[in-house]
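In what follows, chains carry the letters A, B, and so on, assigned in the order in which the sequence lines appear, proteins first and then strands, with residues in each chain numbered from 1. All of these numbers come straight from a predicted model, not from anything done at the bench.
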Amino acid sequence: MKRLKRKKQNAGVGVNGNGSVTREPDCGRKQKLAEIHQALISDPVDIETLRRAAASKGGLLTDELRRKVWPKLLNINVYDLPYKPGRDVREKHKDYNQVVLDVRRSMKRFPKGMPAAERAVLQEQMTDIILEVLKRTPQLHYYQGYHDVAVTLLLVVGERMALAMLDTLSNHHLRDFMDPTMDSTKHILNYLMPILEQVDEELHDFMIRAEVGTIFALSWLITWYGHVLSDFKHTMRLYDFFLASHPLMPIYLAATIVLHREKEVKKTECDMAMVHHLLSRIPQDLPYELLIGQAQDLFDQYPPSLLAKQAALQSRKSLSISTFQAFQFATLHQRPDSVLQRLTKAQGSTTSRQASQHSGLEAALPRDRGQMWGKGNRMVKMAVWGLSATLGAAVFAVAQTAMDWGPEVLLQLF
Amino acid sequence: MAIEKKPEDEFDTVFSQNDSLELSSHHDYVTAQTRIFKIIVIGDSNVGKTCLTYRFCGGTFLKNPEATIGVDFRERTLELDGESIKLQIWDTAGQERFRKSMVEHYYRSVHAVIFVYDVTSLSSFESIPEWIEECRRHCVGPLVPRIMVGNKCDLRDRREVPTTAAQCLADSYNFPLFETSAKEPAEKEHVDAIFLTLAYRLKSHKPLRLKQPSESNIRQLWNQREQEAATCQC
Ligand SMILES: Nc1nc2c(ncn2[C@@H]2O[C@H](COP(=O)(O)OP(=O)(O)OP(=O)(O)O)[C@@H](O)[C@H]2O)c(=O)[nH]1
Ligand SMILES: [Mg+2]
């Protein structure tokens with residue numbers, strides 16, 4: 001990649017805050033783990049450090065940490081999660097049929113060895129959380145690919161936290177894709193060519209001549225690459241990055257991928273079909289860490305505001321972009337989980353929502369789930385993701401609920 | 001070049017290695033004389049557009065298709081009467097929101113259109129006139145050949161669209177109708193035949209199109225060709 005110089009100073013409230021880590025000395029996994037833990041118990045939570053950790057080499061490292069950090073990145077209180085959607089969520093929703101068709105065809109998103117019964121439970125949950133988010137905010141419209149986001153969240157954080165995260169993402173990062181039409185999505189895609197133009201004019205001109213358009217990057221953008229990557233660990237790594245970044249970051253990453261393949265592209269016949277074909281098939285062995293660093297550099301060097309001066313980008317207002325700063329700002333004032341737990345508990349005991357002797361978290365559970373929990377202690381011990389391969393579907397559903405609570409809750413209970 | 005997805009993971013594989021097509025396929029070393037035809041495949045979500053195009057280009061039934069987002073591209077090169085013909089097939093997303101602003105780019109300069117419905121879904125059949133209208137709105141000229149394909153005819157006891165009704169609609173637009181199945185192995189040749197019919201038609205009429213013949217002339221030739229070609233075998 002040419003002409004990529006780093007800007008030293010990052011401006012703005014956290015917007016560019018994730019830009020500075022890639023060149024820091026790699027202080028090792030252990031230290032990173034310690035830093036993340038420290039950031040999580042700081043009061044307020046040290047969101048800048050978490051964001052940096054999510055973007056820097058290796059991302060958030062483990063699923064357990066993802067379950068703790070992802071909600072923080074989205075300003076979600078894990079002790080006050082939404083209830084599991086009821087059956088009625090499926091009734092008479094205009095997108096119900098399309099959601100079911102897409103969820104049914106999402107088999108490839110699940111781990112290879114997962115028993116069919118477990119997958120079926122997760123697919124039901126996937127349908128439920130999608131429809132619940134759509135029902136809560138009627139302005140949001142389902143798109144094919146949204147289910148790829150839902151399944152990624154679900155596999156990492158479990159049903160209720162996935163629901164909370166999907167809800168937040170839908171109103172912020174993914175908001176533009178959920179308009180009644182795809183015009184806003186097209187607008188976001190329009191940022192791609194100006195970035196390429198800045199870095200490699202020759203490549204840019206080649207692509208313009210080929211009239212390839214930007215649809216090859218559509219599924220990358222609207223699924224955060226979940227639809228096109230076959231290795232789930234890469235998908236999670238990118239989700240770490242995007243959850244900690246500006247909503248346009250997937251476009252900057254798209255630019256780095258195209259730039260990374262510059263030679264291949266220029267060798268291709270200058271024809272729409274040929275170039276589309278080449279670019280839309282993402283190589284599975286991309287150097288993700290390198291590309292993530294480059295995407296951050298591009299973002300710092302050519303921020304959206306600079307690109308927006310281009311004629312094609314002026315006409316339209318993006319909700320994802322315009323609400324981002326306020327969103328980022330709100331994440332700065334989060335309390336650590338220990339405090340949230342106490343606060344939620346106190347709140348729970350003063351309201352009619354029954355508080356349990358276990359923790360305030362119980363208050364966020366629907367009644368029947370709480371009962372299951374009481375009966376299911378022994379089973380829930382096995383509930384850590386990955387151990388569930390031999391469990392039946394019903395047990396698995398319980399395990400999922402337990403997972404919603406996060407590992408430290410499990411530890412406290414046993 | 002970087003390693004691509006393994007074939008079994010590949011959603012939009014163009015050719016599988018064990019391509020069992022009878023027709024000789026020249027994959028990489030396409031000669032200069034190869035003529036290229038662009039075909040767009042449209043129809044409601046879940047009718048089997050991805051499976052049909054995969055069956056034709058990859059030779060097998062795609063077991064776990066995923067929802068198509070935007071458009072996928074597949075191609076296959078055929079040898080017809082000693083001439084090399086490359087069919088470039090654009091497999092589009094069925095969800096309505098994608099048609100409006102995303103797919104229009106791909107209507108440009110298409111040589112043929114395939115409308116697909118699912119014989120087990122009346123609503124997918126009822127959408128066909130809408131798709132036809134959509135296509136017209138995107139300025140696809142009247143001389144661009146169009147065909148109608150009813151898919152999933154292996155599901156005999158779930159059929160909702162009678163052949164007679166489909167034939168009636170197809171006749172009203174003067175489109176050839178084919179009923180087939182992307183899944184049923186016995187239908188493999190038939191799927192090939194559908195695309196081949198189109199390829200023959202495009203191959204033999206390309207010069208005529210350049211000379212701007214009258215439409216009735218084209219129709220006549222088209223109908224003639226159609227009678228020679230495979231008809232419904234379901
Ligand atoms: N029985 C049967 N099932 C089929 C056939 N063709 C496709 N299917 C199934 O129908 C479903 C939809 O197939 P797709 O090819 O994904 O449909 P599509 O038209 O590409 O859908 P979108 O990408 O959403 O527009 C899948 O579950 C396929 O397995 C067929 O000929 N027979
Ligand atoms: Mg499809």
Side chain proximity check, S219(A) to E66(B), heavy atoms < 4.5 angstrom:
no

Stepwise side-chain contact (heavy atoms from CB on, under 4.5 Å) test for Q88(B) and D271(A):
CA-CA 12 Å; Q88(B) 295 186 331; D271(A) 165 74; 4.0 Å; yes

Residue H147(A) versus chain B: region with a heavy atom under 4.5 Å
side chain

Atom group of I222(A) that falls short of 4.5 Å from chain B, counting heavy atoms:
side chain

Within the supplied structure, the quantity of interest is the number of heavy atoms (other residues, nucleotides, ligands) at a distance under 6.0 Å from K94(A) NZ; does it exceed 12?
yes

Leading residue by heavy atom contact count with chain B [cutoff under 4.5 Å; candidates H276(A), K267(A), M107(A)]
H276(A)

R136(B): which residues meet the side chain to side chain donor-acceptor pair (under 3.5 Å) condition with it, sequence neighbours left out?
E133(B)

Here the pair of heavy atoms bringing A273(A) nearest to K38(B) is CB-NZ, 4.5 Å

Can you tell me which portion of D148(A) sits under 4.5 Å from chain B's heavy atoms? Options are side chain, backbone, both or neither.
side chain

Part of T214(A) lying under 4.5 Å from any heavy atom of chain B
neither

Look only at the side chain of E75(B) and the backbone of M274(A), and say whether a donor-acceptor pair between them is shorter than 3.5 Å.
no

Would you find a donor on one side and an acceptor on the other, under 3.5 Å apart, between the side chain of R97(B) and the backbone of Q144(A)?
no

Stepwise side-chain contact (heavy atoms from CB on, under 4.5 Å) test for M272(A) and R108(B)
CA-CA 11 Å; M272(A) 170 172 106; R108(B) 259 198 282 160; 5.6 Å; no

Nearest 0.5 Å, what's the CD-NE2 distance between E96(B) and H141(A)?
11.5 Å

For the pair S109(B) and E211(A), evaluate side-chain contact (heavy atoms from CB on, under 4.5 Å) and give the outcome as yes or no after the intermediate values.
CA-CA 12 Å; S109(B) 70; E211(A) 297 190 348; over 6 Å; no

Is it the backbone or the side chain of L101(A) that comes under 4.5 Å from a heavy atom of chain B, or both, or neither?
side chain

Please report the closest heavy-atom contact between I215(A) and G70(B), naming both atoms and the distance.
CG2-CA, 4.4 Å

Closest non-hydrogen atom pair between R105(A) and S45(B), with its separation
NH2-OG, 3.4 Å

Applying a strict 4.5 Å limit to non-hydrogen atoms, the region of V212(A) in contact with chain B is backbone

Region of Y146(A) in contact with chain B, defined by heavy-atom distances below 4.5 Å
neither

What's the separation between atom CZ in F73(B) and atom CG in L279(A), rounded to the nearest 0.5 Å?
12.5 Å

